[in-house]
Amino acid sequence: MPTHSPRASCGTGRVLPLSFYSQPTIEVARALLGKLLVHETAEGCVSGYMVETEAYLQGDPASHAVLRAGGRWVAKMTERNRQMFGPPGHAYVYFIYGNHYCLNVVTREEGVAEAVLIRAVEPAEGIDLMRRRRGIAPASPANELRQQNAATRADRNLTNGPGKLTQAFAIDMTHNGADLTARPLRVEVGRQIPAGSILASPRIGIKAASENPWRFLVARSPWLSRP
DNA sequence: ACATCGATCTACT
DNA sequence: GTAGATCGATGTA
């Protein structure tokens, strides 16, 4: 019996209801912290607790649904941002910098272009599969026994960034528009994060509207893209 | 049709 | 700490 036979399913099956995603987007961004992201593929199942998110709002100059045209910011639906206008509880996935995919959770009712970017998760299940997908060497047998859920230093690089976690979870454009209350990609209730452990900061890597503190994180989590 | 640039990551200094 | 990779969506012509 292989010690690391990939599990076909994981998580608990306690899926968050669609109504969760109809709350104001900033509420959703905070409430997603601690929720469990689960992805089942033929290779196996991986899951992780969200520890870092960012809110993108209607009319927000940093949003993909707002474009610079003729020297002005204009809200506009395009081929890329179409899913942001779609129904809540679905995925908006985009390709960036010629290399990476990023996963968003669409919020608010259809027609309102708001979403939450998932920037980092704490690996929970399928860690060995994540390592293979990320090209990170497995932990030594000694470490493996000693650590179980704890991470090696290298394992911090599995999912501590929006492009890294999509690679570890094998999320790509085929998941654009996916229903996040169903297989293969879903969000479950996960664990409770005390309100006092949630911090807000400016969002990362944007130019416009860079002062809005709409990045949310679990304080002192080792799994953040940055503190 | 073409030029620009990005909600990033990695490698290297 | 910073440069380079890398390519599709977008805007302008």
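Reminder, nothing fancy here: chain letters follow the sequence lines and each chain counts from 1. What you see is a predicted model; the values in this text were computed from it and never measured.
Using a 4.0 Å heavy-atom distance criterion, A:Arg134 is classed as a sugar-phosphate-only contact. Contacts of A:Glu54 with the nucleic acid, taken as non-hydrogen atoms under 4.0 Å apart, are absent. The residue A:Arg80 sits close only to the backbone: its heavy atoms come under 4.0 Å of sugar-phosphate atoms, none of a base.
Of the candidate nucleotides C:dC7, B:dT8, B:dC9, C:dC7 has the atom nearest to the side chain of A:Phe95. Which of B:dA7, B:dT8, C:dT10 sits closest to the side chain of A:Leu67 comes down to C:dT10. Each of C:dA5, B:dA7, C:dT10 was ranked by its minimum atom distance to the side chain of A:Asn99; first place goes to C:dA5.
For the pair A:Leu158 CG and B:dT10 P, the computed distance is 11 Å after rounding to whole Å. Per the geometry, CZ belonging to A:Arg72 stands 16 Å off P belonging to C:dG11, to the nearest Å. The CG atom of A:Leu103 sits 14 Å away from the P atom of B:dT8 (whole-angstrom rounding). Counting to the nearest Å, the P atom of B:dG6 and the CD1 atom of A:Ile204 are 16 Å from each other. B:dT10 atom P lies 7 Å from atom NE2 of A:His100, rounded to whole Å. The OH atom of A:Tyr97 sits 5 Å away from the P atom of B:dT8 (whole-angstrom rounding). If you take CG of A:Asn81 and C1' of C:dG8, they are 14 Å apart, rounded to a whole angstrom. When rounded to the nearest whole Å, the span between OH of A:Tyr56 and P of B:dG6 equals 13 Å.
In this structure, C:dT6 makes no Watson-Crick or G-U wobble pair, since no nucleotide meets both defining distances under 3.5 angstrom. The base-pairing partner of B:dA7, taking Watson-Crick or G-U wobble contacts with both distances under 3.5 Å, does not exist among the strands shown.
The two residues A:Met173 and A:Phe95 make their nearest non-hydrogen contact at SD-N, 4.1 Å. Here the closest heavy-atom approach between residue A:Thr166 and residue A:Tyr101 is recorded as OG1-O, 2.7 Å.
Using a 4.0 Å cut-off, some side-chain N or O of A:His64 falls inside it from OP1 or OP2 of B:dA7. Put simply, A:Lys76 has a side-chain N or O that comes within less than 4.0 Å of OP1 or OP2 on C:dG11. For B:dG6, one of the phosphate oxygens OP1 or OP2 lies less than 4.0 angstrom from a side-chain nitrogen or oxygen of A:Lys207. The side chain of A:Arg215 contributes no N or O atom lying less than 4.0 Å from OP1 or OP2 of B:dA7.
Under 3.5 Å, the side chains of A:His90 and A:Tyr21 contain no donor-acceptor pair of N or O atoms. No donor-acceptor contact under 3.5 angstrom links the side chains of A:Thr159 and A:Glu122, judged on distance only.
Under a 4.0 Å N-O distance rule, the pair A:Arg183/A:Glu40 qualifies as a salt bridge.
Counting non-hydrogen atoms of neighbouring residues, nucleotides and ligands closer than 6.0 angstrom, the CZ atom of A:Arg68 exceeds 12 such neighbours.
Judged by atom type and distance alone, A:Tyr94 reaches the base of B:dA7 through a side-chain donor-acceptor pair under 3.5 Å.
Nearest-nucleotide mapping onto DNA chain C: of A:Ile96 and A:Arg68, the residue sitting toward the 5' end is A:Ile96.
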